[in-house]
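One structure is given here, and the rest of the page talks about it.
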Amino acid sequence: MSLKVIISGGGTGGHIYPAIAIADGLKVVDPNIDILFVGALGKMEMDKVPKAGYPIEGLNIRGFDRTRSVRNIKLPFNLLSSLMKARKIVRQFKPDVAIGVGGYASGPLLYTASRSKIPTLIQEQNSYPGITNKLLSKRARTICVAYDGLERFFKNKPLVLTGNPVRDDIADLEANKEEAFDHFGLEKGKPVILSFGGSLGARTLNESVAAQTDLLRDSDVQVIWQTGSYYHGTLLSSEAAQLENVQPLAFIDRMDLAYAAADVIIGRAGALTISELCLVGKPAILVPSPNVAEDHQTKNAQALVEKSAAILVKDNQARSTLLPTALELLKNEEQKDQLSQHIKALGKPNATQAIVEEILKLVKK
């Protein structure tokens, strides 16, 4: 009889893509493993998970709305209905193990599974856990983490430092450097800055590039500028986008080649981005988003800064300082080498396999 696994959570790519990587890792061990995802209705996992080839059930669950309190009136009713549906899913699917990756849906599902004596595992991606995972940790058998020092949040719980699962195409970037320059039409021999802010884009990063037209025009540097689909149309008409040494792209379909081409990388500080940057091992400047619950991104970035593994630029200072900081870093070979060595040392290339092993241990117990 094949193993049955529920993976719950989502809401952002930082939760969804590691969850899919875990599912894929389980399938490598045993193609017959039966995997069911549980997400939140209306969130991106309801689209991304089926595209990855897995079935998903949706719960009518939302988080606390800090800006519009009237929306929170329905919160208790949504939670109750989600708990009832989660109970039904667990009863019908009969999983051998339940995994939570963070996000609204993981709360009701893991709570229900643990009440049904099903072993549960939490995969915590950030250096500062969210409220849901802190609460669920009291019932979890195993907690897989990506950062040292999380014992203070998960007291008396079995923590395993696994890292975060990431894409498997960024292992040997140097071998792809020539292909990368050809792919993006770059001039060989000139340094490259990569700026990216997710599929939708990041306003601050975009405005920071757009505001430095004169500096970019006078610099002997090339910029791969991933604007994101939301901002691309507007930014195409900007002066910065018209420069010959700047390439504005709505979306980067070959992120492995973008990483390979880059000498300095600018990005947000989401858990998935940082995990990839640790494997890439190149000098990085992080601009944490201020619009994230519990300021996770700043805490993620600070965890690297404390180990001299990245540079942090505050969101409210980025428009004036981000590009000048990147250009100064390009000239400082000693600092670049130090940042590269330190961030590379934090990489966990076998994170997916390590998490899969912990899942299988729970089932054997």
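Note that the structure is predicted; figures quoted are calculated from it, not measured.
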Candidate pair Asn164 and Glu276, rule side chain to side chain donor-acceptor pair (under 3.5 Å), full reasoning: CA-CA 9 Å; Asn164 286 324; Glu276 288 192 350; over 6 Å; no

Hey, what do you get for [atom1] ([X]) to [atom2] ([Y]), rounding to the nearest 0.5 Å?
X      : Y      : atom1 : atom2 : answer
Ile355 : Asn350 : CD1   : CG    : 11.0 Å
Gln226 : Ile266 : CD    : CD1   : 12.5 Å
Ile122 : Ile99  : CD1   : CD1   : 11.5 Å

Ion pair check, [X] and [Y], cut-off under 4.0 Å:
X      : Y      : answer
Lys364 : Asp96  : no
Asp315 : Arg268 : yes
Asp214 : Arg217 : yes

Over 12 non-hydrogen atoms of neighbours within 6.0 angstrom of CG in Asn156: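 Open.
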
Neighbour count above 12 (heavy atom, 6.0 Å) for Lys314 NZ: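 At most 12 heavy atoms, drawn from other residues, nucleotides or ligands, come within 6.0 Å of this atom.
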
Backbone of Ser289 reached by a side-chain donor or acceptor of Gln297 within 3.5 Å: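 At least one qualifying donor-acceptor pair exists.
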
Row check, Tyr17 ring normal vs Lys48 NZ/CZ: under 6.0 Å, within 45°: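 The answer is no; the distance or angle limit is not met.
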
Nearest atoms (heavy-atom pairs only) where Ala210 meets Leu235: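 Closest approach of Ala210 to Leu235: CB-CD2, 4.4 Å.
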
Aromatic contact, Tyr128 with Tyr147 (centres under 6.0 Å):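 Not under 6.0 Å, so no.
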
